[in-house]
Undergrad: 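Starting off with a structure, shown below.
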Protein chains: 2
Amino acid sequence: MEFSNVSERRATTPPLGVSTVVFMLRPEEDAEGRPGLWLPLVRRTREPYRGHWALPGGPVRGDTSLRTAAADTLKDTTALAPRLLEQLYTFGGTDRGEGQRLVSVVYWALVRAEDPHAELLQDPDVAWFPAAAAPGELAFDHQRILDYALARLRAKVGYADVAQRLLGETFTLAQLRAAHEAILDTRLDPANFRRTVLARGSLEDTGDVHTGGMGRPAHLYRAIDTRQQTVLPDPEGERS
Amino acid sequence: MEFSNVSERRATTPPLGVSTVVFMLRPEEDAEGRPGLWLPLVRRTREPYRGHWALPGGPVRGDTSLRTAAADTLKDTTALAPRLLEQLYTFGGTDRGEGQRLVSVVYWALVRAEDPHAELLQDPDVAWFPAAAAPGELAFDHQRILDYALARLRAKVGYADVAQRLLGETFTLAQLRAAHEAILDTRLDPANFRRTVLARGSLEDTGDVHTGGMGRPAHLYRAIDTRQQTVLPDPEGERS
DNA sequence: TAAATAGTGTCTCTTAGACAATATCGT
DNA sequence: ACGATATTGTCTAAGAGACACTATTTA
């Protein structure tokens, strides 16, 4: 962008980092037998906030885009490719905790619950936590960032086809509904949910059914990407 | 935020800048006698893109917040305090035009149409342009940024009380409707607009009427800030 | 008076939600 | 058969939009 108004640029450009709020649907049942939203956190090994949990992140180097930097830190922590990766907000207040100035471009991501747990549990400094009950006091302003990411996710799930990214290739409407319920922390009427989500036109009936469950078998659906976007896309998001 | 995963930070942190898309409602009538959306641009005096128009902006110094940096550049160009200043998006691709890498945190702002024109017109390198018809080829990726800002504004005017910030202390519903029409580039039904906007509960009838116009005098309304926010606020936005 | 704008009333259509009713599976 | 879940049907309430109608000013 270059600087249109100022003739000299001082050597005081603040350091720039990327952090990512990663959400995953943990299929293990919670108290009421329903899946829940979890996120990975990293324990800080240095001051400030040594020992506190923090969002995964890292510095931005001059030769990588912000989005790539976010994707890289995501791969480092979860070893998964994000099913959704969008920019959340850039935090650049002068006092975001313990003195030092840092500008953080924060992304949020959704990943599928496939295999990451094992290797993560080997590292005691990386762990998954319930999104609504982060452990103790998070480092810096990360609790506020997490709250904002959750609020954005909750808002977005109401009008965009987002929750599907938490699930596998095919899924029943009950599973998709469980994902919505985990995000919103409410119960949704199965009948109305079905109509609402089908009306969006982003689901395709595979014809197969999911048998083995409790009651009547449910049809399996697949996400189809609707090329005619109705919502504002991330301007630097993935091309397609 | 500090870096949780990476042990060393390279000295390659990209330079950081702020730019702002400023919208103003120009009361001078357009072809059909209606106000229009305008924005200020700055002519580049250096390479690259010398001579092209660009969004006003500047570097971020280590001791100012991003929001403050945006407000400062706004003051430099329009000499007005923004009635609304929100973060738009952070552009940080590796090739945003003509080589050099720059990360730009972009804000968008609304200002009232009061007095800025005079002093701006004295500077041939700062000028106002219709938002929908920016001059020639803008520098860098600024045309895309402008498009995105317009899209966001158009989306937001549908659910948030934003257009009022373009007007003065008191205004008629016809003036507010004209602002909406300028933003959306459509005509709105006066009757339905009245009901919709009054239902939001953010307007207060002053009791006074606006006389001197063509037909029946219209009541003057005032914006009241509804403390119970229903939309997601800018997380680093103004406290209140 | 006519023209113009402000403001009210009404009608239709769509959508969200509550909730009843039916369908089809495991046990 | 019974319990559980899937799926469909139906009813109501709220909101958006089209449009007729009334009210009050200037010319």
Side-chain angles (χ1 to χ4, degrees), chain A residues 27 29 32-35 154-161 163 167 170-181 183-222 230-231, chain B residues 27 29 32-35 154-161 163 167 170-181 183-222 230-231:
Chain A
E29 321 77 24
E32 302 85 32
R34 334 190 51 73
R154 284 177 173 148
K156 192 142 195 172
V157 85
Y159 62 87
D161 307 317
L167 306 174
T170 65
F171 45 84
T172 68
L173 292 184
Q175 291 171 327
L176 183 59
R177 175 163 46 88
H180 279 249
E181 290 176 338
I183 291 172
L184 298 171
D185 194 26
T186 37
R187 302 302 302 271
L188 299 173
D189 182 275
N192 296 331
F193 177 81
R194 154 183 296 272
R195 267 185 297 256
T196 304
V197 78
L198 286 183
R200 286 185 189 164
S202 67
L203 294 183
E204 180 187 42
D205 192 335
T206 64
D208 299 334
V209 293
H210 177 74
T211 172
M214 231 3 195
R216 171 176 169 178
H219 281 215
L220 283 170
Y221 289 81
R222 183 199 343 268
T230 72
V231 284
Chain B
E29 322 79 23
E32 303 84 34
R34 334 188 54 74
R154 285 180 172 144
K156 192 144 194 169
V157 86
Y159 62 86
D161 308 315
L167 305 173
T170 65
F171 46 84
T172 68
L173 292 184
Q175 291 170 328
L176 183 60
R177 177 163 46 88
H180 279 250
E181 291 175 337
I183 292 172
L184 297 172
D185 192 27
T186 36
R187 304 300 303 272
L188 299 173
D189 182 276
N192 295 331
F193 178 80
R194 153 183 298 272
R195 268 185 296 254
T196 304
V197 77
L198 287 182
R200 285 185 191 165
S202 66
L203 294 184
E204 180 186 40
D205 193 334
T206 64
D208 299 333
V209 293
H210 177 73
T211 173
M214 230 1 194
R216 171 176 172 179
H219 282 215
L220 284 169
Y221 288 81
R222 186 199 338 272
T230 71
V231 282

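Predicted, not measured: the structure shown is a model, and the values here were computed from it. Order of the sequence lines fixes the chain letters, A, B, ..., with proteins taken first and strands second; residue numbering starts at 1 for each chain.
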Undergrad: Just how large is the angle between the end axes of the helix from C:dT1-D:dA27 to C:dT27-D:dA1, five pairs per end, to 10 degrees?
TA: 10°
Undergrad: What residues, two or more places apart in sequence or in another chain, satisfy side chain to side chain donor-acceptor pair (under 3.5 Å) together with B:Glu181?
TA: B:Arg34
Undergrad: Taking all non-hydrogen atoms of both residues, which atom of B:Thr211 and which atom of B:Pro217 are closest, and how far apart?
TA: CA-CB, 4.4 Å
Undergrad: side-chain contact (heavy atoms from CB on, under 4.5 Å), that's the test. Do A:Leu188 and A:Thr196 meet it? Break it down for me.
TA: CA-CA 11 Å; A:Leu188 299 173; A:Thr196 304; over 6 Å; no
Undergrad: Taking only nitrogen or oxygen atoms into account, show me every contact under 3.5 Å that the protein makes with nucleotides 24-27 of chain D, one pair per line with its distance.
TA:
residue : atom : partner  : partner atom : Å
D:dT26  : O4'  : B:Met214 : O            : 3.2

Undergrad: When every nucleotide of nucleotides 8-19 of chain D is labelled 5' to 3' by its protein contacts under 4.0 Å (heavy atoms), B for base, S for sugar-phosphate only, - for none, what sequence of letters results?
TA: BBB------BBB
Undergrad: Taking side chain to side chain contact (heavy atoms under 4.5 Å, CB included) as the definition, give me every residue that meets it alongside A:Ala178, ordered by chain and number, with sequence neighbours left out.
TA: A:Pro35
Undergrad: Reading DNA chain C from 5' to 3', where do the contacts with chain B start and stop? Cut-off is 4.0 Å to heavy atoms.
TA: C:dA4 to C:dT10
Undergrad: Using the side chain to side chain contact (heavy atoms under 4.5 Å, CB included) criterion, which residues pair with A:Asp205? Sequence neighbours excluded.
TA: A:His219, A:Tyr221
Undergrad: I'd like to check the side chain to side chain contact (heavy atoms under 4.5 Å, CB included) partners of A:Thr206; sequence neighbours left out, ordered by chain and number.
TA: A:Thr170, A:Asp208, A:Leu220, A:Arg222
Undergrad: Which atoms form the tightest heavy-atom contact between A:Gly158 and A:Arg200, and what is the distance?
TA: O-NH2, 2.8 Å
Undergrad: Going by the rule ring-ring contact (aromatic ring centres under 6.0 Å, His included), which residues pair with B:His210 if we only count those two or more places apart in sequence or in a different chain?
TA: none
Undergrad: Enumerate the residue pairs fulfilling salt bridge (Lys or Arg N to Asp or Glu O under 4.0 Å) with a member in residues 188-197 of chain B, sequence neighbours excluded, ordered by first and then second residue.
TA: none
Undergrad: Which residues pass the side chain to side chain contact (heavy atoms under 4.5 Å, CB included) test with B:Arg154, sequence neighbours left out?
TA: B:Leu150, B:Ile183, B:Leu184, B:Asp185
Undergrad: Apply salt bridge (charged side-chain N to carboxylate O under 4.0 Å, His left out) to B:Arg216 and list each qualifying residue two or more places apart in sequence or on a separate chain.
TA: none
